[in-house]
Amino acid sequence: MNILVINCGSSSLKFQLIDSESEKCIAKGLCERIGIEGSMITYAPEGGEKEKTTTPMPDHTEAIRLVLNALTNEKTGVVKSLDEIGAVGHRIVHGGEKFTYSAIINDEVIAAIKECNDLAPLHNPANLIGIDACKTLMPTTPMVAVFDTAFHQTMPEEAYLYGIPYEYYEKYKVRRYGFHGTSHSYVSKRAAEVLGEDYENLKIVVCHLGNGSSVSAVKNGKCVDTSMGLTPLEGLIMGTRSGDIDPAIIEFLANKEGMTAQEVVNVLNKKSGVLGLSAGLSSDFRDLEDGLAKNDENAIRAMKTFCYRVAKYIGSYAAAMNGIDAICFTAGVGENGPIVRNFVCDRLQFLGIELDQELNNKRGQDLVITTPESKTKVLVIPTNEELAIARETAALVK
Ligand code: ADP
């Protein structure tokens with residue numbers, strides 16, 4: 001069955017058409033600047049030429065109409081008609097406590113996603129617009145919602161509660177939820193396969209290091225802790241997000257700089273992380289690596305602080321799971337950054353990690369990058385959230 005995977009943001013929309021039997025991507029692309037002047041669609045059929053077209057997209061319905069037109073185009077399309085698209089899988093950012101697993105989309109599910117809007121005001125409304133647009137254009141095609149938060153719903157209370165008055169959890173559901181769940185789930189399962197071990201009998205740490213970054217502790221196939229919280233701002237130092245800070249910094253900076261709390265949080269989301277730490281050099285690790293090669297002190301500071309935080313989280317998850325069998329690196333930085341992996345693993349000697357430097361320099365495939373003697377295994381597993389969404393969708397629709 002062909003599954004259309006949609007990842008809908010407020011002004012962009014990523015899509016992939018995946019054959020659920022062969023698990024191959026048949027076509028993929030991106031709509032950008034939806035609702036803004038200069039909108040464009042990029043469409044790339046597998047094995048064919050990538051095309052970029054600038055065309056008006058006043059709203060998401062128009063964007064999805066253009067996606068469906070591209071997929072069914074007589075010359076460059078990959079299917080003859082929309083009947084060849086068996087289901088649509090939507091990436092939904094926040095499922096709150098309601099969704100512990102993916103769900104077939106119906107009116108009740110849409111209402112429940114809406115109820116989580118408060119928790120992800122930038123993402124969930126955009127995800128819902130994507131659902132609505134698909135419903136208009138493909139009214140009889142089944143759709144599935146796959147939540148970024150669902151995999152983390154197995155966290156025990158002691159891991160998800162904040163040390164604040166309990167009534168805020170009861171009244172407003174203020175707690176840690178975690179994100180990137182589809183990736184953490186996919187990568188941890190794949191690691192067990194690569195190691196040839198039983199997923200239900202492993203203690204795995206997944207480091208999803210991209211522009212947004214998070215770590216999770218997966219014990220016996222279940223997530224028991226993760227670094228992101230109520231929002232994706234908590235945890236690791238990221239491209240532009242601060243990660244963990246003393247919450248009193250918000251009031252302190254607001255007073256010093258004459259900003260509102262909202263403005264400080266905006267700085268914590270958009271101007272912090274390695275971008276802020278490198279004094280504005282870059283949020284992109286490729287630039288930081290270049291800086292490192294030139295002994296640039298801004299790049300060194302950002303890189304060292306970032307890696308220290310990752311190592312500290314892994315150490316805390318050794319405590320959370322009473323040991324670690326395997327550490328996986330994934331996403332843009334995790335998959336492509338041998339320097340980051342080296343810096344992090346260097347700090348984890350107590351876990352008996354021995355990296356194989358030759359293997360650590362390879363990229364683009366599932367790999368164990370430690371020596372056979374290494375007590376804890378370290379793996380690089382390229383994540384594939386779209387494939388994971390397509391799998392979940394096919395499983396529910398069948
Ligand atoms: P997102 O969180 O946006 O999905 P990705 O997982 O695609 O992010 O990761 C994007 C980041 O990956 C980039 O900002 C960049 O820092 C890093 N990255 C990508 N390619 C490389 C590379 N070859 N070497 C080092 N870092 C890389």
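What's counted below: heavy atoms across the whole structure, side chains too, no hydrogens, waters or symmetry copies. The structure presented is a predicted model; accordingly, all values stated were derived computationally and were not measured. As the structure lists them, so they are numbered: ligands from 1, and atoms in each ligand from 1.
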**Prompt:** Can you tell me the protein heavy atom closest to atom 2 (O) of ligand 1 and the distance?
**Reply:** Asn211 N, 3.1 Å
**Message:** With heavy-atom distances below 4.5 Å as the criterion, would you say the side chains of Leu4 and Leu71 are in contact?
**Reply:** yes
**Message:** Among all the protein's non-hydrogen atoms, which is closest to atom 19 (C) of ligand 1, and how far away is it?
**Reply:** Arg286 CZ, 3.6 Å
**Complete:** Among Thr240, Asp284, Leu288, Ile339, the residue with a heavy atom nearest to atom 14 (O) of ligand 1 is Asp284
**Item:** Sub-3.5 Å N/O-N/O distance, Phe285 and ligand 1
**Value:** yes
**Item:** Carboxylate-amine/guanidinium contact Lys294 Asp296, below 4.0 Å
**Value:** no
**Asked** What part of Lys14, side chain from CB on, backbone N/CA/C/O, both or neither, has a heavy atom under 4.0 Å from ligand 1?
**Response** neither
**Row check, Tyr313 ring normal vs Arg309 NZ/CZ: under 6.0 Å, within 45°** = no
**Item:** Proximal candidate to atom 22 (C) of ligand 1 [heavy atom criterion; set Val274, Asn336, Leu209]
**Value:** Asn336
**Message:** Quick check: is Val397 connected to Ile85 through a chain of hydrophobic side chains (ILVMFWY, heavy atoms under 4.5 Å apart)?
**Reply:** no
**Request:** Can you sort out which atoms of ligand 1 are near Arg363, meaning under 4.0 Å from one of its heavy atoms?
**Result:** 23 (N)
**Request:** Report yes if some heavy atom in the side chain of Glu115 is under 4.5 Å from a heavy atom in the side chain of Lys98; otherwise report no.
**Result:** yes
**Request:** Give a yes/no on ligand 1: does Gly239 have at least one heavy atom closer than 4.0 angstrom to it?
**Result:** no
**Item:** Interfacing atoms of ligand 1 (cut-off 4.0 Å, heavy-atom, Glu289)
**Value:** 25 (C)
**Request:** If you have a sec, work out which protein heavy atom is nearest atom 9 (O) of ligand 1 and how many Å separate them, to one decimal?
**Result:** Gly332 CA, 3.3 Å
**Fill in**
If we number the atoms of ligand 1 from 1 as shown, the ones under 4.0 Å from a heavy atom of Val333 are 12 (O), 16 (O), 17 (C)
**Item:** Min side-chain heavy-atom separation Asp366-Val380 under 4.5 Å
**Value:** no
**Request:** List every atom of ligand 1 that sits less than 4.0 Å from any heavy atom of Ala331, numbering the atoms from 1 in the order shown and giving each element.
**Result:** 6 (O)
**Item:** Tyr169 six-ring face occupied by Lys173 cation (under 6.0 Å, within 45°)
**Value:** yes
**Message:** If we only consider heavy atoms of His208, is any one of them less than 4.0 Å away from an atom in ligand 1?
**Reply:** no
**Item:** Interatomic spacing from NE2 in His60 to CD1 in Ile34 - rounded to 0.5 Å
**Value:** 4.0 Å
**Centroid-centroid distance, Phe329 to His208, less than 6.0 Å** = no
